[in-house]
Amino acid sequence: QVQLVESGGGLVQPGGSLRLSCVASGSISSIYAVGWYRQAPGKQRELVAFITSGDMTQYTSTVKDRFAISRDNAKNTVYLQMNSLKPEDTAVYYCNKDQSVIAIWRTTNRAWGQGTQVTVSS
């Protein structure tokens with residue numbers, strides 16, 4: 001079973017940028033979809049973006065045109081480039097995987113890693 005580990009979070013001012021990394025313990029080439037999720041304090045976890053093995057991507061409307069998801073199969077890594085960050089982007093960010101573009105939207109009944117904290121504040 002491939003495990004995923006998130007990193008790259010931190011404290012950034014509004015308008016700044018961060019790049020998150022999701023490193024897999026094994027090959028990601030056989031994983032159909034990898035998603036980035038986030039959970040803000042007091043809110044439900046939500047899917048932010050996902051990418052398929054064919055490089056199809058989809059974003060939630062609140063991050064579209066600001067965030068970009070990409071994957072590097074050679075490094076077994078999926079990235080989330082976050083630009084023009086806003087205070088409302090503050091959350092713990094997680095990555096996870098699934099075998100369909102329908103199932104990747106599911107945020108419950110999953111095993112989650114530690115996540116990486118992103119704080120956007122002046």
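In this chain, residues are counted from 1 in sequence order. Not measured: the values here are computed from a predicted model.
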Participant: Linking I/L/V/M/F/W/Y whenever any side-chain heavy atoms sit under 4.5 Å apart, do Phe50 and Val23 land together?
Facilitator: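 Phe50 does not cluster with Val23.
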Participant: Please give me the minimum heavy-atom distance between Ala103 and Ser100, naming the atom from each residue.
Facilitator: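 Closest approach of Ala103 to Ser100, heavy atoms only: N-OG, 2.8 Å.
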Participant: To the nearest 0.5 Å, tell me how far Lys97 NZ sits from Gln1 CD.
Facilitator: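 Output value for this atom pair is 4.5 Å.
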Participant: To the closest 0.5 Å, what do you measure between CG (Asn96) and CG (Leu47)?
Facilitator: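 Those atoms lie 10.0 Å apart.
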Participant: Take a 6.0 Å sphere around CD of Glu88 and say whether it holds more than 12 heavy atoms from other residues, nucleotides or ligands.
Facilitator: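 Atom CD in Glu88 is packed in, count exceeds 12.
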Participant: Of the non-hydrogen atoms in Gly113 and Tyr94, which two are nearest, and what is the gap between them?
Facilitator: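 That closest heavy-atom pairing would be O-CE2, 3.5 Å.
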Participant: Please report the interatomic distance CG(Leu11) to OG(Ser122), rounded to the nearest 0.5 Å.
Facilitator: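 Answer rounded to 0.5 Å: 9.5 Å.
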Participant: Output, in order, the C-alpha distance, side-chain angles, deciding distance and verdict of side-chain hydrogen bond (donor to acceptor under 3.5 Å, both in side chains) for Ser27 and Ser29.
Facilitator: CA-CA 6 Å; Ser27 173; Ser29 60; 2.7 Å; yes
Participant: If you link ILVMFWY side chains whenever their heavy atoms are less than 4.5 Å apart, which other residues fall into the same cluster as Phe67? By chain and number, please.
Facilitator: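 Cluster partners of Phe67: Val2, Leu4, Val12, Leu18, Leu20, Ile28, Ile31, Val34, Trp36, Val48, Ile51, Tyr59, Val63, Ile69, Val78, Leu80, Met82, Leu85, Tyr93, Val118, Val120.
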Participant: Hey, what do you get for CG (Asn73) to OG (Ser30), rounding to the nearest 0.5 Å?
Facilitator: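 If we round to the nearest 0.5 Å, Asn73:CG and Ser30:OG are 9.5 Å apart.
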Participant: State, yes or no, whether a side-chain contact exists between Ser53 and Arg71 at a heavy-atom distance under 4.5 Å.
Facilitator: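 SC-SC contact between Ser53 and Arg71 confirmed.
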Participant: Using the side-chain contact (heavy atoms from CB on, under 4.5 Å) criterion, which residues pair with Ser84? Sequence neighbours excluded.
Facilitator: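 Ser84 satisfies side-chain contact (heavy atoms from CB on, under 4.5 Å) with Arg66 once adjacent residues are dropped.
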Participant: Taking all non-hydrogen atoms of both residues into account, name the closest pair between Trp112 and Arg110 and its distance.
Facilitator: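 Residues Trp112 and Arg110, closest heavy atoms: CD1-O, 3.4 Å.
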Participant: Testing the basics here: between Pro14 and Ser121, what is the closest heavy-atom pair and its distance to 0.1 Å?
Facilitator: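 Where Pro14 meets Ser121 most closely, the heavy atoms are CD-C, 3.6 Å.
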Participant: Atom CD in Glu6, atom OH in Tyr37: separation rounded to 0.5 Å?
Facilitator: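 Here the interatomic distance stands at 11.0 Å.
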Participant: Any side-chain to backbone donor/acceptor pair from Arg38 onto Thr90? Under 3.5 Å, distance only.
Facilitator: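 No.
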